[in-house]
Amino acid sequence: MNRKKQASILRSTRNIHRKTGILLFFFFIIVGMTGAFLGWKKHVDVLQYPTKKGISQNAHEWLSMDSIMTISTSEIQAWKGPEYSSEIDKIDVRPDKGIVKIIYKEHYYSLQLDATSGKVLSHEYRASDLMEHLHDGAIVDRLFGIPGEMFKLVYSSILGIALVVFSITGFWLWYGPKRMKRK
């Protein structure tokens, strides 16, 4: 390949790299910062509260799921008020700790309950879930009620492809001039 053709490819590569960088700059900052926070979430109590320890690890001594759900419904409304949804998204059971974490669907608050007594061990704001939703774009689906996480799918696809494009064009912007100098 002649020098003129290599220079043309290098200019095109630089142009693609620059224009996509300008377009996606804000999103890359969000993904980078939230990714760093998510990497640290188990080591920083503000992002993810430590898992408490319950009375018993023996599941035969635990309350029924129905009882746990009833307790969690009354507790979230007593803690945050009746306007907060008590619809449960998931129940995270920790057999080795004897606790359950109740994670709600419509907000970022959760509870840790002793699986045996039903006593509330912790009221939490799940900042790590907020970070995750910012990281993967699900926050937009959540705020605007977009079904099927369509924004998240498009957002993560675009950013994933952009990361590959940036890696390839960045490599070429580094290697291309070296290659041209050798010829």
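Everything numeric in this text was worked out from a predicted model, so none of it was measured. The first residue of the sequence shown is numbered 1, and numbering continues consecutively from there.
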I need the L143 CG to H133 NE2 distance, nearest 0.5 Å. 10.5 Å

Run the salt bridge (charged side-chain N to carboxylate O under 4.0 Å, His left out) test on D92 and K90 for me, step by step, so that the C-alpha distance in whole Å, both residues' side-chain angles and the decisive distance to 0.1 Å come before the verdict. CA-CA 6 Å; D92 182 2; K90 59 187 167 191; over 6 Å; no

When you compare the side chain of K101 with that of L113, does any pair of heavy atoms fall below 4.5 Å? no

Shortest non-hydrogen pair, S67 vs L63, comes out as CB-CB, 4.1 Å

Shared hydrophobic cluster, I146 / I158 (ILVMFWY, side-chain heavy atoms < 4.5 Å): yes

Using ring pair (Phe, Tyr, Trp, His ring centres under 6.0 Å), reason through Y84 and Y109 one step at a time and then give a plain yes or no. CA-CA 10 Å; Y84 274 81; Y109 294 103; 5.6 Å; yes

So CD of Q57 and OG1 of T116: to nearest 0.5 Å the spacing works out to 9.5 Å

Under 4.5 Å between side-chain heavy atoms, hopping through other hydrophobics if needed: is there a path connecting I168 to I16? no

To the nearest 0.5 Å, what is the distance between OG on S110 and CD1 on I103? 6.0 Å

For a quick test of your reading: what N or O donor-acceptor pairs under 3.5 Å do the side chains of residues 23-37 make, sequence neighbours left out?
| unit_1 | atom_1 | unit_2 | atom_2 | d |
| --- | --- | --- | --- | --- |
| T34 | OG1 | I30 | O | 2.7 |
| T34 | OG1 | V31 | O | 3.4 |
| T34 | OG1 | H135 | ND1 | 2.9 |

Q112 side chain to K52 backbone, donor-acceptor under 3.5 Å: yes

T70/T73 under side chain to side chain donor-acceptor pair (under 3.5 Å): CA gap, chis, key distance, verdict: CA-CA 5 Å; T70 301; T73 297; over 6 Å; no

side-chain contact (heavy atoms from CB on, under 4.5 Å) assessment of E75 paired with H123: CA-CA 9 Å; E75 185 58 36; H123 294 90; 2.8 Å; yes

Please confirm whether R142 makes a cation-pi placement over Y108, using NZ or CZ under 6.0 Å from the six-membered ring centre and within 45° of the ring normal. yes

The reported gap from OG in S85 to CD in Q77 (rounded to nearest 0.5 angstrom) is 8.5 Å

Within this structure, what is the CD-OG distance for the pair E61 and S117, rounded to the nearest 0.5 Å? 11.5 Å

Is the shortest side-chain N to carboxylate O distance from D136 to K152 below 4.0 Å? yes

Heavy atoms from other residues, nucleotides or ligands near NZ of K119 exceed 12 (cutoff 6.0 Å): no

Can you give me the closest heavy-atom contact between Y155 and L134, atom names plus distance? OH-O, 4.1 Å

Between NE2 of H17 and CD1 of I22, what distance do you get to the nearest 0.5 Å? 10.5 Å

Would the distance check show the side chain of S8 and the main-chain N or O of K4 forming a donor-acceptor pair, the cut-off being under 3.5 Å? no

Flag, side chain of S56 to backbone of N58, donor-acceptor distance under 3.5 Å: yes

Could you see if I76 belongs to whatever hydrophobic cluster contains L130? Use Ile, Leu, Val, Met, Phe, Trp, Tyr and a side-chain cutoff under 4.5 Å. yes

Looking only at heavy atoms, which two atoms of L10 and G176 are closest? And how far apart? CD1-CA, 4.2 Å

Sub-4.5 Å side-chain heavy-atom contact between I68 and W62: no

Out of curiosity, does V164 fall in the hydrophobic cluster containing I161 (side-chain heavy atoms, cut-off under 4.5 Å, transitive links)? no

Would the number of heavy atoms belonging to other residues, nucleotides or ligands and lying under 6.0 Å from NZ of K42 be above 12? no

Where M131 and L38 come nearest, the two heavy atoms and their spacing: CB-CD2, 3.9 Å

Is any side-chain heavy atom of I91 closer than 4.5 Å to one of M69? yes

With a 4.5 Å limit on heavy-atom distance, are the side chains of K53 and I99 in contact? no

As a quick check of understanding, evaluate side chain to side chain donor-acceptor pair (under 3.5 Å) for H43 and Q48, giving each step before the final call. CA-CA 8 Å; H43 304 285; Q48 183 170 314; over 6 Å; no

Surrounding CH2 of W40 (heavy atoms of other residues, nucleotides or ligands, distance under 6.0 Å), is the total greater than 12? no

May I ask whether V165 and W172 are part of the same hydrophobic cluster, defined by side-chain heavy atoms of I, L, V, M, F, W, Y residues being less than 4.5 angstrom apart, directly or through others? no

Using a 4.5 Å cut-off on heavy atoms from C-beta on, say whether the side chain of D114 contacts that of V100. no

By salt bridge (Lys or Arg N to Asp or Glu O under 4.0 Å), D89 pairs with (sequence neighbours left out) none

Any heavy-atom pair between the side chains of L111 and E124 that's under 4.5 Å? no

